[in-house]
Amino acid sequence: RPEGERVFRLPRRHRSVTAETIAQTREEDDQQEPVVVQHVDMTAAIGIRQERTRRHHALVTDIALAMQQQGFELTEDPFDVLCNHQQRNPVLIEVKSLDGTADDEKAQVRSALAQLLYYAAFDVGEPLQARRTIKAAVFELEISEEHRRFLQGHGCVVLWRVGGGFEGIEQILQANP
């Protein structure tokens with residue numbers, strides 16, 4: 001194999017197993033044609049990553065400003081933003097930039113949910129855990145209805161950038177009279 005080439009196998013589908021047949025390599029797995037990925041231009045990849053990080057930081061800044069304008073005090077680290085208010089429930093925000101592909105959206109939705117659940121359980125601190133913390137996943141672009149319902153089903157408010165504001169921010173404010 002030429003230097004810089006990486007080989008990936010396509011994802012498998014579910015299959016019925018027993019305790020005796022689970023976790024065994026199947027013959028058809030060995031016969032599956034691998035997908036070969038050509039050499040990656042690391043300079044270009046670093047540039048793409050830096051641009052995505054820049055967009056992420058801008059999105060964090062914009063949602064933080066929107067929440068601060070509603071009277072919330074802000075903290076960060078390890079989470080993107082934790083918004084606290086004397087008369088309102090705290091809001092834990094995880095921000096995700098997107099590259100516009102379905103695979104990236106799927107990965108970012110999974111990551112946002114995992115981070116929000118973990119941070120709410122372990123990182124917001126006991127005084128805020130005693131209050132109902134609103135978990136909000138904020139995306140750079142509108143995500144699919146299926147993913148919005150998935151996140152909402154797990155107790156998350158979903159927001160995305162629209163023009164100079166955020167679609168869905170009223171859900172946070174309505175849940176926080």
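- Side-chain contact between Phe166 and Arg161: present, with at least one pair of heavy atoms (C-beta onward) separated by less than 4.5 Å.
- Leu159 and Ala136 make their closest contact through CD1-CB, 4.0 Å (heavy atoms, listed as atom of the first residue, atom of the second, distance).
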Is there a side-chain hydrogen bond (donor to acceptor under 3.5 Å, both in side chains) between Asp99 and Thr101? Walk through the geometry before answering. CA-CA 6 Å; Asp99 71 8; Thr101 65; 2.7 Å; yes
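- Side-chain contact between Ile143 and Trp160 is absent, with no heavy-atom pair separated by less than 4.5 Å.
- Between Lys106 and His147, the closest heavy-atom pair is CA-CE1, 3.9 Å.
- Side-chain atoms of Phe139 and Val109, non-hydrogen and from C-beta on, do get closer than 4.5 Å to each other.
- Checked options Thr75, Val81, Asp77; the residue passing with Phe79 is Thr75 (criterion: side chain to side chain contact (heavy atoms under 4.5 Å, CB included)).
- Using a 4.5 Å heavy-atom threshold, the side chains of Asp62 and Val138 count as separate.
- For Gln86, the CD atom counts as loosely surrounded, since its 6.0 Å shell holds 12 or fewer non-hydrogen atoms of other residues, nucleotides or ligands.
- Between Asp104 and Arg52, the closest side-chain pair of non-hydrogen atoms falls below 4.5 Å.
- Among all heavy-atom pairs drawn from Lys135 and His154, the shortest one is CE-O, 4.2 Å.
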Test log, rule side-chain contact (heavy atoms from CB on, under 4.5 Å), inputs Asp80 and His56: CA-CA 10 Å; Asp80 285 328; His56 177 270; 3.4 Å; yes
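- Taking both residues in full, the closest heavy atoms of Asn89 and Arg132 are given as CB-O, 3.0 Å, listed atom of the first, atom of the second, then distance.
- In this structure, Ile63 and Ile169 have side chains that are in contact, with non-hydrogen atoms separated by less than 4.5 Å.
- Heavy atoms only, all atoms of each residue included: Leu92 and Ala120 are closest at CD2-N, 3.6 Å.
- When side chains are defined from C-beta on, Glu140 counts as touching Arg55, because their heavy atoms get closer than 4.5 Å.
- A salt bridge is absent between Glu105 and Lys96; no separation between the charged side-chain nitrogens and carboxylate oxygens falls under 4.0 Å.
- Between Ser97 and Leu59 there is no side-chain heavy-atom pair separated by less than 4.5 Å.
- Enclosure of atom CD in Glu76 is not indicated, since only 12 or fewer non-hydrogen atoms of other residues, nucleotides or ligands lie within 6.0 angstrom.
- Counted within 6.0 Å of CD on Glu51, heavy atoms from surrounding residues, nucleotides or ligands total more than 12; the atom is thus considered enclosed.
- What you find for Tyr119 and Pro78 is that their closest heavy atoms are OH-O, 3.5 Å.
- Remark: Leu82 CG to Thr133 OG1 distance equals 7.0 Å, nearest 0.5 Å.
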